[in-house]
Chemist: 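Pasting a structure below so you can have a look.
These figures come from a predicted structure and were not determined experimentally.
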Amino acid sequence: MYLTDRSAPAGAGTVPGRRRGLRPGVAPVVLVLGTVSLITDISSEMVTAVLPLYLVTTLGFSPLAFGTLDGVYNGVGALVQLTGGHLADRIRNHKLLAGLGYGLSALCKPLLLLVSSIGALGTVLALDRTGKGLRTAPRDAMISLSTPSGKQGRAFGVHRAMDTTGAMLGPLAAFLILSAAADGYDAVFGVSACVAVLGVVVLVLFVPGKRRGARVGRASEAEDGQPVLVGEAGAADTGEAGAAEGKPPVRIREAFALLRLPRLRALAGCAALLGLTTVSDAFVYLLLQRRAGIGEQWFTLLPLGTALVFLLLAVPLGALADRVGRHTVFLSGHGALLIGYALLLWAPATPALPFLVLALHGVFYAATDGVLPAALADIVPEELRASGLAIVGTSQALARFCCSLAFGAAWTVWGDGPALAASAVGLLCCAAIAGRVLRPTNGNR
């Protein structure tokens with residue numbers, strides 16, 4: 001079992017007769033969606049950059065309380081991903097579901113100005129992540145369905161690079177606002193809300209919706225038993241191939257029937273296994289601040305280091321994954337994260353430590369964030385693409401939710417060092433298991 005089959009039968013993941021002539025780069029819809037993600041990530045990362053310090057230092061939350069909120073922040077979206085993915089496939093309108101998700105997240109940003117208790121904050125963060133859960137699978141489905149199978153890694157790499165540009169600008173904007181504004185945190189939350197609205201406007205105006213007249217044939221079985229679409233010409237640029245009039249809606253049991261595919265089960269299982277030992281970004285930055293003695297005024301710039309490396313490597317590593325095999329790049333990214341954990345545990349607190357840890361953190365994301373959805377291109381039929389992406393994304397996000405809760409509890413009881421050491425040992429073991437499950441067979445990468 002493996003992440004991608006480089007020798008998959010022709011047509012697996014593509015529709016014969018689909019409009020040709022894509023530029024050597026990526027489809028236009030990928031660039032437009034990348035712009036939406038760039039703007040939205042400026043808004044999101046402004047909040048994410050200040051939230052750990054705001055909750056722990058200003059509001060006095062314990063590591064366990066923060067871990068609970070961080071788990072909610074990352075875990076609620078996981079549960080909603082399944083709903084968003086299935087509804088997008090069912091109504092065959094990925095743009096509509098993505099727009100609802102972006103809109104809900106934008107509405108939540110001003111509410112951060114009004115809440116301070118753990119319950120109220122948890123509710124607002126849960127609603128924000130509900131929006132993320134609704135939009136993630138439909139958005140990635142539009143990217144996947146607009147891209148030939150052999151260029152999936154590159155397309156997701158381009159999108160993630162643009163997304164990460166926003167992730168770089170967000171912390172920088174938060175840093176500048178905190179430096180200039182008297183009520184710094186309130187100003188950050190207010191500006192974040194305005195930027196989020198701009199992202200929704202760009203999505204509505206410039207992301208193409210489904211085109212009428214798209215026709216797709218029914219799914220058939222390839223030689224290896226995996227479903228393959230056999231269709232006709234006329235698919236939309238956005239990949240809304242399932243928009244054929246008169247075609248019955250996708251039922252939820254069809255979506256869950258994807259779990260019968262051995263490769264999808266392997267991918268979802270390994271993503272969950274590795275997610276159980278992946279410490280959330282917020283905890284990594286808090287650990288790095290304490291370990292390296294970084295002043296609070298510089299804390300919001302730590303995500304900038306991760307984002308810069310992610311930006312530089314997302315496209316090259318995505319293209320590399322298309323050539324050498326996505327499972328290889330995916331597991332190598334977790335290896336980089338493991339080295340980062342080791343540096344946080346045992347390296348001396350030199351000026352180089354923050355740069356090394358953030359660089360490895362960025363390599364981890366560049367090698368995994370876009371490669372994981374790209375791996376589904378040869379596994380899931382087009383009419384169920386959003387559902388397949390949601391299943392794998394949900395398995396990973398739920399595991400990271402559990403990791404946040406467990407890590408926050410371990411930090412509270414044992415301290416940050418033992419908690420991180422336990423995560424590092426767990427990651428090493430899980431990576432070894434995933435390497436065996438995802439190893440290539442019969443010459444496939």
Side-chain angles (χ1 to χ4, degrees), residues 26-51 73-74 76-77 80-81 84-85 88 93-113 124-143 146 155-177 187-210 238 281 300 303-304 307 310-311 314 365 369-370 373 386 389 393:
V26 296
V29 69
V30 177
L31 300 178
V32 180
L33 287 169
T35 302
V36 175
S37 293
L38 185 155
I39 296 171
T40 303
D41 244 38
I42 293 176
S43 170
S44 298
E45 293 303 320
M46 286 175 66
V47 174
T48 301
V50 303
L51 200 59
Y73 193 70
N74 291 292
V76 169
V80 183
Q81 273 193 62
N93 194 331
H94 296 123
K95 177 182 175 179
L96 175 61
L97 263 295
L100 290 174
Y102 280 111
L104 181 58
S105 293
L107 288 174
C108 289
K109 296 299 189 297
L111 297 180
L112 291 172
L113 295 166
V124 173
L125 294 178
L127 288 173
D128 178 72
R129 292 299 90 179
T130 297
K132 181 175 176 60
L134 283 176
R135 70 181 183 249
T136 298
R139 180 203 65 201
D140 284 352
M142 284 191 280
I143 296 171
S146 67
F156 278 102
V158 169
H159 175 269
R160 293 324 194 246
M162 297 181 71
D163 182 271
T164 305
T165 302
M168 289 177 56
L169 296 175
L172 182 60
F175 173 76
L176 295 175
I177 292 171
V188 168
F189 298 149
V191 174
S192 172
C194 296
V195 176
V197 171
L198 177 62
V200 177
V201 171
V202 173
L203 175 79
V204 172
L205 295 181
F206 298 106
V207 174
K210 63 181 181 181
T238 57
D281 297 355
T300 58
L304 193 64
F310 190 175
L311 173 64
Y365 276 112
D369 193 65
L389 286 162

Chemist: Any side-chain heavy-atom pair from Cys108 and Arg129 closer than 4.5 angstrom?
Modeler: no
Chemist: Using side-chain heavy atoms (C-beta onward) and a distance below 4.5 Å, is Val201 in contact with Leu205?
Modeler: yes
Chemist: Listed by chain and number, what are the ring-ring contact (aromatic ring centres under 6.0 Å, His included) partners of Phe189, not counting sequence neighbours?
Modeler: Tyr54
Chemist: Mind listing the closest non-hydrogen atom pair of Pro138 and Leu97 along with its distance?
Modeler: CG-CB, 3.8 Å
Chemist: Under 3.5 Å, sequence neighbours excluded: what are the donor-acceptor pairs made by side chains of residues 161-169?
Modeler:
{"residue": "Thr164", "atom": "OG1", "partner": "Arg160", "partner atom": "O", "Å": "2.6"}
{"residue": "Thr165", "atom": "OG1", "partner": "Ala161", "partner atom": "O", "Å": "3.0"}

Chemist: List the atom of Ile177, the atom of Ala187, and the distance in Å for their closest heavy-atom pair.
Modeler: CG2-CB, 3.5 Å
Chemist: Between OH of Tyr102 and OG1 of Thr136, what distance do you get to the nearest 0.5 Å?
Modeler: 7.5 Å
Chemist: Rounded at 0.5 Å granularity, tell me how far CE in Met142 sits from NZ in Lys95.
Modeler: 8.5 Å
Chemist: Distance from Ile143 atom CD1 to His159 atom NE2, nearest 0.5 Å?
Modeler: 4.0 Å
Chemist: Apply side chain to side chain contact (heavy atoms under 4.5 Å, CB included) to Val32 and list each qualifying residue two or more places apart in sequence or on a separate chain.
Modeler: Phe206, Val207
Chemist: Is there a side-chain contact between Phe310 and Asp369 (heavy atoms, below 4.5 Å)?
Modeler: yes
Chemist: When the side chains of residues 190-199 are checked against the rest of the protein, which donor-acceptor pairs come out under 3.5 Å, sequence neighbours left out?
Modeler:
{"residue": "Ser192", "atom": "OG", "partner": "Ser43", "partner atom": "O", "Å": "2.8"}
{"residue": "Ser192", "atom": "OG", "partner": "Ser43", "partner atom": "OG", "Å": "2.8"}

Chemist: State, to 0.1 Å, how close Ala106 and Pro110 come at their nearest heavy-atom pair, and which atoms those are.
Modeler: O-CD, 3.3 Å
Chemist: Tyr365: what forms a ring-ring contact (aromatic ring centres under 6.0 Å, His included) with it, not counting sequence neighbours?
Modeler: His361
Chemist: Of all the heavy-atom pairs spanning Ala155 and Val30, show the shortest one and how long it is.
Modeler: O-CG1, 3.6 Å
Chemist: Walk me through it: do Asp281 and Thr48 pass the test side chain to side chain contact (heavy atoms under 4.5 Å, CB included)?
Modeler: CA-CA 9 Å; Asp281 297 355; Thr48 301; 6.0 Å; no
Chemist: Between Thr40 and Arg135, does any side-chain donor sit less than 3.5 Å from a side-chain acceptor?
Modeler: no
Chemist: In the structure I gave you, are the side-chain heavy atoms of Leu31 and Val158 within less than 4.5 Å of one another anywhere?
Modeler: yes
Chemist: Rounded at 0.5 Å granularity, tell me how far CG in Leu127 sits from NZ in Lys109.
Modeler: 11.0 Å
Chemist: Which heavy-atom pair separates Gly85 from Ala386 by the least distance, and what is that distance?
Modeler: O-CB, 3.5 Å
Chemist: Got a second to check how far Lys132's NZ is from Gln81's CD, nearest 0.5 Å?
Modeler: 8.0 Å
Chemist: Mind checking the CG-CZ spacing from Leu203 to Arg139? Nearest 0.5 Å is all I need.
Modeler: 11.0 Å
Chemist: Using side chain to side chain contact (heavy atoms under 4.5 Å, CB included) as the criterion, list what pairs up with Pro303, not counting sequence neighbours.
Modeler: Ala49, Pro171, Tyr285
